[in-house]
Asker: 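The structure under discussion is supplied below as structure tokens; questions concerning it will follow.
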2 protein chains.
Amino acid sequence: MPETIRRADRLPGNRYGNRPTMKDVAARAGVGLKTVSRVVNGEPGVTPETEQRVQDAIAALGFRRNDSARVLRKGRTASIGLVLEDLADPFYGPLSRAVEEVARAHGALLINGSSAEDPEREQELVLTLCARRVDGLVVIPAGDDHRYLEPEIRAGVATVFVDRPAGKIDADVVLSDNYGGARGGVAHLIAHGHRRIGFIGDMPRIHTAAERLRGYRAAMEDAGIPVEDAWMSLGVTDPGRVRRAAEGMLSGPAPVTAIFTGNNRVTVTVVRVLAEQSRRVALVGFDDIELADLLQPGVTVVAQDAAALGRTAAERLFRQLDGSLVVPERIELPTRLITRGSGELPPAD
Amino acid sequence: MPETIRRADRLPGNRYGNRPTMKDVAARAGVGLKTVSRVVNGEPGVTPETEQRVQDAIAALGFRRNDSARVLRKGRTASIGLVLEDLADPFYGPLSRAVEEVARAHGALLINGSSAEDPEREQELVLTLCARRVDGLVVIPAGDDHRYLEPEIRAGVATVFVDRPAGKIDADVVLSDNYGGARGGVAHLIAHGHRRIGFIGDMPRIHTAAERLRGYRAAMEDAGIPVEDAWMSLGVTDPGRVRRAAEGMLSGPAPVTAIFTGNNRVTVTVVRVLAEQSRRVALVGFDDIELADLLQPGVTVVAQDAAALGRTAAERLFRQLDGSLVVPERIELPTRLITRGSGELPPAD
DNA sequence: CCCGGCCATGACAACGTTGTCCAGGCTCTA
DNA sequence: TAGAGCCTGGACAACGTTGTCATGGCCGGG
């Protein structure tokens with residue numbers, strides 16, 4: 001192991017520690033400032049000999065271009081922001097990664113922020129990113145009013161919403177077909193003979209939750225089944241309350257024989273509850289979950305492609321930046337029903 | 001819905017679209033540039049009356065401070081970089097989120113980058129982040145030589161390595177007790193009567209993989225069990241090859257009766273393979289996996305706390321930036337054996 | 001009433017880079 | 001050999017902000 005670098009060894013000096021600038025490099029190489037800039041940026045008009053002198057000076061001083069200054073001068077930061085709910089949620093990891101890959105392909109960095117489903121925090125994050133002059137924003141909105149973004153968009157910040165539409169402004173948005181997916185999932189249960197079907201989902205103020213609820217209602221209506229209030233539980237995602245909600249639906253004189261769950265977190269908890277039941281209860285969940293195929297029975301889900309959402313959104317973002325997109329659009333990606341057993345159980349009443 | 005903002009409506013003008021600067025605000029408010037700066041930054045020395053005029057101008061113009069320029073002037077970017085392997089991996093999501101929370105508490109933003117386990121890409125990312133003048137770096141290294149970071153560290157970039165130590169430089173590092181955890185997990189299998197125990201892990205050039213392998217060997221040696229080459233599969237993580245490796249160990253005249261898996265991805269695949277076997281094979285995996293408790297049998301794991309790794313690392317980073325840390329340290333966080341059934345199966349031979 | 005000192009404010013330089021423009025030296029051709 | 005044109009290289013301003021310092025007005029005390 002080489003000699004330890006103690007932080008105490010750091011030279012005092014300017015604020016960046018003691019970083020050489022192009023000026024320093026120029027002095028050392030005995031050339032002008034602009035010549036260094038040319039070499040660093042691979043611009044033409046420098047003889048190989050001069051270039052070599054500059055390269056040597058760069059290496060000797062350990063120079064690295066200060067992109068902060070570059071950004072200030074050029075106006076493009078080559079970075080984009082992604083505001084999502086919670087990076088720790090397995091749904092958002094792949095989405096974020098997909099956005100990062102597209103950004104990378106365009107030479108941009110990705111700044112991540114978690115809103116924790118708090119509209120105020122979302123706004124704070126978005127505006128902070130705008131102050132950093134990110135070139136664009138991919139937003140999974142927590143709030144339902146994004147008029148605060150109008151001046152930013154007008155000022156040239158490319159913006160794409162994902163997973164849920166923007167509120168009160170007209171902007172690009174990339175969604176999954178939540179309505180159709182939920183409708184299909186519930187219809188699947190109905191096709192397997194169920195009539196008393198429960199729904200456990202998030203607060204309907206969240207667009208995805210509302211759409212999935214709408215899909216549930218539509219499927220029930222298609223089949224001519226009147227929905228009872230006792231079958232629906234809205235605004236419930238934390239494990240304890242989901243558990244109580246599920247147990248409630250499963251008790252009483254006419255318990256549900258199947259449950260449709262509105263997102264991955266709910267599904268996981270309901271799987272736990274159902275595992276404790278003596279009766280076999282059918283289940284279809286929105287969002288795929290890892291290992292769903294290994295459970296007994298396998299969990300039938302309506303899967304959305306998180307990576308595709310992220311990729312599509314990021315690609316649109318860069319097309320906005322190209323100037324090749326002008327009018328905001330709404331893009332809906334299909335969902336996919338994956339049958340694994342739990343959704344094909346017959347009613348046990 | 002309000003009037004559509006078409007991107008075509010954006011005024012041309014300067015590079016940021018057409019953003020007002022402090023100069024514009026000053027002109028409109030009829031005050032000096034510096035007074036605007038004072039108001040924006042809440043500095044004292046401005047009469048309430050003047051301040052109001054400035055605030056009005058700010059609101060009227062939709063001014064937002066350009067943090068790029070601020071950064072250039074102040075020298076601190078209030079952003080840190082996190083370089084990890086793959087944000088889509090469920091292990092890194094919570095880690096990243098934990099780092100973000102700490103950064104947020106210190107008023108900093110987080111820039112994420114995935115190295116895809118490629119040392120070159122890691123270096124490229126790290127150096128790009130340094131060029132952006134991030135204040136600090138949290139790195140989950142892919143490579144094993146980080147001497148390229150020496151000039152940066154010396155120049156004042158706070159640096160903490162996580163999950164795996166830095167190569168060939170002396171730097172802060174926060175690790176899980178991979179050796180101890182693996183040793184304990186394998187000892188657990190031995191305590192339940194196993195002697196022919198397989199190990200499937202990643203390439204030993206990856207520190208965590210090497211340490212876990214070392215733990216496996218140590219536990220076996222403690223029990224006086226000579227390890228056979230056929231029981232070990234190293235450098236294998238993609239599902240197809242893991243499957244073949246597992247099937248190989250489970251066939252032949254003296255198949256293993258238990259398997260220790262070196263990370264979450266391997267564990268998942270091996271669970272799939274074992275589910276197809278008629279014989280019951282014990283399993284202990286490194287890293288917890290979601291729903292592990294719902295499988296039949298539940299999967300016994302050696303769990304590490306990804307969020308704690310991230311949090312600890314980020315806190316050290318900011319303590320470096322405080323100046324309250326000087327000498328690099330190595331911090332090891334304990335792992336936890338979670339018994340759920342699969343690790344307690346008796347040998348079936 | 002005058003002067004010292006304080007307070008609000010603004011002019012100016014600087015941060016490190018890139019774009020513009022100009023100068024000087026070279027080559028090539030007539 | 002002179003002039004045109006090209007190629008290399010450098011001086012300078014500008015990006016939008018903040019730190020430093022100067023200025024001018026006002027107040028209070030002697």
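Note that these values count all heavy atoms, side chains included, but never hydrogens, waters or copies made by symmetry. A, B, ... follow the sequence lines: proteins, then strands. Residue 1 opens every chain.
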Asker: Under the criterion side chain to side chain contact (heavy atoms under 4.5 Å, CB included), I'd like the reasoning laid out for Arg97(B) against Arg311(B): C-alpha separation, chi angles, the key distance, then a yes or no.
Answerer: CA-CA 9 Å; Arg97(B) 178 66 199 274; Arg311(B) 198 181 324 114; over 6 Å; no
Asker: Does either side chain, that of Asp135(A) or that of Thr77(A), offer a donor lying less than 3.5 Å from an acceptor on the other one?
Answerer: yes
Asker: Please report, rounded to the nearest Å, how far the C1' atom of dC15(D) is from the CZ atom of Arg70(A).
Answerer: 14 Å
Asker: Roughly how many Å is it from CZ in Phe63(A) to C1' in dG16(C), rounded to a whole number?
Answerer: 8 Å
Asker: Rounding to an integer number of Å, can you tell me how far Asp67(A) CG sits from dC15(C) P?
Answerer: 19 Å
Asker: Within this structure, what is the CZ-to-P distance between Arg19(B) and dC15(D), rounded to whole angstrom?
Answerer: 16 Å
Asker: Carefully, step by step, assess Arg19(B) and Asn66(B) under the rule side chain to side chain contact (heavy atoms under 4.5 Å, CB included).
Answerer: CA-CA 9 Å; Arg19(B) 300 202 89 111; Asn66(B) 184 336; over 6 Å; no
Asker: For the residue pair Glu100(B) and Asn112(A), confirm or rule out a side-chain donor-acceptor distance under 3.5 Å.
Answerer: no
Asker: Identify, residue by residue, the members of residues 34-54 of chain B with a heavy atom below 4.0 Å from DNA chain C, and return them in order of residue number, or none.
Answerer: Lys34(B), Thr35(B), Arg38(B), Gly45(B), Val46(B), Thr47(B), Thr50(B)
Asker: Considering just the side-chain nitrogens and oxygens of Arg133(B), establish if one lies under 4.0 Å of OP1 or OP2 belonging to dG16(C).
Answerer: no
Asker: Run the salt bridge (Lys or Arg N to Asp or Glu O under 4.0 Å) check on Arg121(A) and Glu85(A) step by step: do they pass?
Answerer: CA-CA 10 Å; Arg121(A) 190 162 156 180; Glu85(A) 190 211 325; over 6 Å; no
Asker: With respect to the phosphate group of dA14(D), does any side-chain polar atom (N or O) of Arg73(A) fall under 4.0 Å of OP1 or OP2?
Answerer: no
Asker: I need the CG-C1' distance between Leu72(A) and dA14(D), as an integer number of Å.
Answerer: 9 Å
Asker: For the pair made of CE in Met22(B) and P in dC12(C), what is the distance, rounded to whole Å?
Answerer: 19 Å
Asker: Would you indicate whether Asp144(A), at its atom CG, is surrounded by more than 12 heavy atoms from other residues, nucleotides or ligands within a distance under 6.0 Å?
Answerer: no
Asker: Output the rounded distance in Å from CG (Leu61(B)) to C1' (dG16(D)).
Answerer: 15 Å
Asker: Rounded to whole angstroms, how far apart are CG on Leu33(B) and C1' on dA13(C)?
Answerer: 12 Å
